[in-house]
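Data first, discussion second: the structure below is written as structure tokens.
Keep in mind that this is a model prediction, so the values were computed, not measured.
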Amino acid sequence: MQGLIQRVKHAKVEVDNQVIGQIEQGILLLLGVEKPDDEQTADKLLHKVSNYRIFNDENDKMNLSLKDIGGELLVVSQFTLAADTKKGMRPSFSSAATPSQANALYEYFVKQAKAQGVRVATGEFGADMQVSLCNDGPVTFNLSV
């Protein structure tokens, strides 16, 4: 499971020119699911995303987590994170989970995040989405578990 996180001042996702998910300060998570991933993998990534210390403290050091600041989380499915780009000029998606497996784990991830008290907004699984954000820093990390 891959999670590309970006520290944002705000972010939103649109489908057919309609805003379907929007957050203020927090994390935009682009979530990629691979074949071997399961609920345990999702739980590990959620723990990392919500506790990863990427927000500045009073000394301007990255020492606070999403939970520490009470920030929001925008989760957007992103199957292209599972791409193998090592060979050739076209990505291979052979390691990506099937759409049904990926959607189930995406939904599970969102449900677990909400259960932990994280304020969550989402994109629409499998849709053609337009994502807008103000990357704060910029700060971007690729998390994997």
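The backbone N or O of Glu72 sits nowhere less than 3.5 Å from a side-chain atom of Arg119 that would complete a donor-acceptor pair. Judged by distance alone, with hydrogens and angles left aside, the side-chain atoms of Asn103 form no donor-acceptor pair with the main-chain N or O of Pro99 at under 3.5 Å. In this structure a side-chain-to-backbone donor-acceptor pair under 3.5 Å is missing from Gln25 to Gly71.
Residues Leu105 and Glu39 form a side-chain contact, since some pair of their non-hydrogen atoms from C-beta on lies under 4.5 Å apart. Counting heavy atoms from C-beta on, the side chains of Leu45 and Leu31 come closer than 4.5 Å. Between Val33 and Met1, the closest side-chain pair of non-hydrogen atoms falls below 4.5 Å. In this structure, Gln112 and Val118 have side chains that are not in contact, with every pair of non-hydrogen atoms separated by 4.5 Å or more.
Here the CG atom belonging to Leu46 is positioned 8.0 Å from the CG atom belonging to Leu73, to the nearest 0.5 angstrom. A distance of 8.0 Å separates CG in Asp16 from CD in Glu124, rounded to the nearest 0.5 Å. To the nearest 0.5 angstrom, Leu29 atom CG is 12.5 Å from Lys48 atom NZ. Note that the SG atom of Cys134 and the CD atom of Glu24 stand 10.5 Å from one another [nearest 0.5 Å].
Nearest heavy-atom pair, Ser132 versus Glu14, reported as atom, atom and distance to 0.1 Å: OG-OE2, 4.5 Å. Taking every heavy atom of both residues into account, Val15 and Ala127 meet most closely at CG2-CB, 4.1 Å. Across Ala121 and Ile23, no two heavy atoms sit closer than the pair CB-CG2, 3.9 Å. Glu34 and Asp37 make their closest contact through N-OD2, 2.6 Å (heavy atoms, listed as atom of the first residue, atom of the second, distance).
Hydrophobic cluster membership differs between Leu81 and Ile5, with clusters built from Ile, Leu, Val, Met, Phe, Trp and Tyr side chains linked at under 4.5 angstrom. Phe55 and Leu133 fall into different hydrophobic clusters, defined by Ile, Leu, Val, Met, Phe, Trp and Tyr side-chain heavy atoms under 4.5 Å apart, directly or through other members. Residues Met62 and Leu66 fall within the same hydrophobic cluster, defined by Ile, Leu, Val, Met, Phe, Trp and Tyr side chains chained together at heavy-atom separations under 4.5 Å.
Residues forming a ring-ring contact (aromatic ring centres under 6.0 Å, His included) with Phe125 (at least two apart in sequence, or on another chain): Tyr106. Residues meeting the side chain to side chain contact (heavy atoms under 4.5 Å, CB included) test with Asn59, sequence neighbours left out: Asp57, Lys61. Looking at residues two or more places apart in sequence or on another chain, you find a side chain to side chain contact (heavy atoms under 4.5 Å, CB included) between Lys114 and Val110, Val120. In this view, Phe109 satisfies the ring-ring contact (aromatic ring centres under 6.0 Å, His included) rule with no residue, not counting sequence neighbours.
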Could you tabulate the donor-acceptor pairs under 3.5 Å formed by side-chain atoms of residues 84-97, not counting sequence neighbours?
from	atom 1	to	atom 2	distance (Å)
Asp84	OD1	Lys86	N	3.0
Ser92	OG	Ser94	N	3.4
Ser92	OG	Ser94	OG	3.3
Ser95	OG	Ala82	O	2.8

With a cut-off of 3.5 Å and sequence neighbours excluded, list every side-chain donor-acceptor pair involving residues 138-145.
from	atom 1	to	atom 2	distance (Å)
Thr140	OG1	Asn135	ND2	3.0
Asn142	ND2	Gln2	OE1	3.4

